Structure formats: C-alpha cells, structure tokens
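Working notes, structure below.
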Amino acid sequence: MIWQGRSSENGTIMKGRPPIRPEPETGRLERSFFTRDVLEVAPDLLCKVLVIRQEDNVIRRFSISETEAYRGSGDRACHAARGRTPRTEVMYHEGGKLYVYFVYGMYWMLNVVTGIENEPQAVLIRGLENCQGPGRVTRLLGIDRSFYGEDLVSSHRIWIEESGIKPLFRTGPRIGVDYAGDFWKNKPWRFYLIQTVR
DNA sequence: GTTAAGATTCCG
DNA sequence: GGAATCTTAACG
C-alpha cells in the first residue's frame with residue numbers, strides 16, 4: 001500500500017513517502033549563539049554538529065573541525081570590506097543565517113553569519129570530520145546558491161546542534177587571503193581542531 | 001559591455 | 001607550478 005498524505009511542512013500532497021516528522025531537535029543552537037562577535041563564535045563552532053536533511057529526507061550529521069573568522073567592513077580579507085552589495089547583503093543581517101558564495105568558477109563556500117544587524121561578520125566552514133577544505137565540504141553536503149540566506153535557527157533542511165564535546169584547538173593565519181595585506185593576512189583567525197575532550 | 005580576480009582543488 | 005571555470009564587482 002502506498003502512503004499518501006499532506007506534508008506537515010508545506011501542505012503539498014506527497015505520495016510514496018512517509019510523513020516528515022519533526023526531529024527531536026533538542027540540541028539546536030538558537031539565535032543568541034550566533035549574534036555574538038565572530039571571534040567568539042568561530043572557535044565555539046568547533047565540535048558542534050552540522051545537520052543537513054538531504055532531498056531524500058535522509059538526515060546526516062557532521063562535526064565541525066575547522067573554521068575561519070571574517071570580521072566586519074574594516075577587515076580587508078572580509079568581502080564586506082568592499083561594501084554592501086547583493087552578494088554580501090546577508091552578512092549585514094542578524095547572526096544565524098548562511099552566507100553562501102561561488103568562487104574560482106567551481107566551488108561554493110559555506111559561511112555562518114554572526115554578530116548583530118549591520119555588523120557584517122561570518123564564519124567560513126573550512127572542515128568537517130573526514131573532510132578537509134571548504135570546497136570539499138559544500139560538495140559533500142550538496143550546498144549551493146539555494147542555501148544563501150537560509151536561517152539555521154528555523155530551517156528544516158540545515159541547522160547546527162550542540163554536542164557536549166569540548167574542542168582542543170590551535171589558531172593560525174587565514175588561508176588564501178594574501179590580497180588583504182600583511183596586517184589582516186596575519187591575524188590568527190583560523191581555528192582548527194587538535195583533539196576532543198569528553 | 002568588458003575585464004580582472006578570486007575565503008580552491010586537483011593534477012603533473 | 002599551473003589549469004580549470006564562472007560569478008561578482010569595478011570600471012568605462
């Protein structure tokens with residue numbers, strides 16, 4: 001017998017698939033986690049769990065292992081340094097949304113917007129457990145333009161959860177931002193996991 | 001309308 | 001070390 005019913009999410013008729021049940025999202029990070037300064041959020045995202053619901057409704061979870069902070073219009077390495085444009089618009093919004101952009105003609109970059117409104121900041125997700133490199137991360141997750149502006153606090157297809165695990169991490173200069181000049185290039189705003197504790 | 005460069009990755 | 005590949009933003 002083929003199941004047929006009305007999706008609780010969008011009201012459309014669905015055939016041949018079980019209903020989408022709300023996840024027990026007890027650990028989903030809320031707004032206040034993301035509205036803090038990017039230099040607090042970037043290291044705090046280590047060991048948090050990035051959760052994505054695939055188009056086939058399968059839910060996958062990945063622990064975040066490497067991040068980079070981009071901090072405001074004064075930061076020459078931050079895209080917001082060249083002002084508010086259609087591409088950077090979402091970075092000026094309240095923290096918790098996704099800033100996704102295309103680079104080198106091949107790769108999508110996944111960023112989490114942080115800070116308060118009109119303070120453009122974002123965290124680049126550079127690595128997950130068993131997946132090093134921001135371009136590889138988006139390819140693994142299936143992230144594309146459609147995720148631009150998605151809200152991690154309310155989205156049904158992507159969010160971040162608490163893990164209870166504390167990261168031990170190191171910092172270093174951000175990768176691929178030589179164009180920003182020595183002062184900004186050398187800021188130790190890359191955070192990468194060394195090992196986990198409990 | 002044209003053009004230069006890029007928060008990368010993969011191959012030789 | 002260099003190619004692949006195309007969007008974005010700056011400039012005319």
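Order of the sequence lines fixes the chain letters, A, B, ..., with proteins taken first and strands second; residue numbering starts at 1 for each chain. Owing to the predicted nature of the structure, the values given are computational and were not obtained by experimental measurement.
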* Nearest-nucleotide comparison on DNA chain C, the residue closer to the 5′ end among A/Gly83 and A/Phe102 ->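 Checking each residue's closest nucleotide, the 5'-ward one belongs to A/Phe102.
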* To do: Report the residue (A/Val177 or A/Arg139) whose heavy-atom-nearest nucleotide on DNA chain B is the more 5′ of the two.
  =>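 This one resolves to A/Val177.
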* Tell me whether the OP1 or OP2 atom of B/dG6 has a side-chain N or O from A/Arg82 closer than 4.0 Å. =>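 It does not, given that no N or O in the side chain of A/Arg82 lies less than 4.0 Å from OP1 or OP2 of B/dG6.
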Taking any heavy-atom pair under 4.0 Å as a contact, classify [X]: base, sugar-phosphate, or nothing.
X: A/Gly105; result: base
X: A/Met109; result: sugar-phosphate
X: A/Arg145; result: sugar-phosphate
X: A/Arg174; result: nothing

Are the charged groups of [X] and [Y] less than 4.0 angstrom apart, N to O?
X: A/Asp44; Y: A/Lys166; value: no
X: A/Glu161; Y: A/Lys48; value: no
X: A/Arg157; Y: A/Glu55; value: no

* Euclidean distance for P, B/dT2 against C/dT5 (whole angstrom) ->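 Looking at atom P only, B/dT2 and C/dT5 are 23 Å apart.
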Give the rounded distance in Å between these two atoms: [atom1] of [X] and [atom2] of [N].
X: A/Trp108; N: C/dT5; atom1: CH2; atom2: P; value: 16 Å
X: A/Tyr104; N: B/dA5; atom1: OH; atom2: P; value: 12 Å
X: A/Arg87; N: B/dA5; atom1: CZ; atom2: C1'; value: 11 Å
X: A/Tyr101; N: C/dA9; atom1: OH; atom2: P; value: 12 Å
X: A/Asp178; N: B/dG6; atom1: CG; atom2: P; value: 9 Å
X: A/Glu66; N: B/dA7; atom1: CD; atom2: P; value: 16 Å
X: A/Phe191; N: B/dA7; atom1: CZ; atom2: C1'; value: 15 Å

* For the residue pair A/Thr85 and A/Thr88, confirm or rule out a side-chain donor-acceptor distance under 3.5 Å. =>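 Yes, side-chain donor-acceptor contact under 3.5 Å.
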* For A/Tyr192 against A/Gly172, the heavy-atom pair lying closest together ->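 Shortest heavy-atom separation between A/Tyr192 and A/Gly172 comes out as CE2-N, 4.3 Å.
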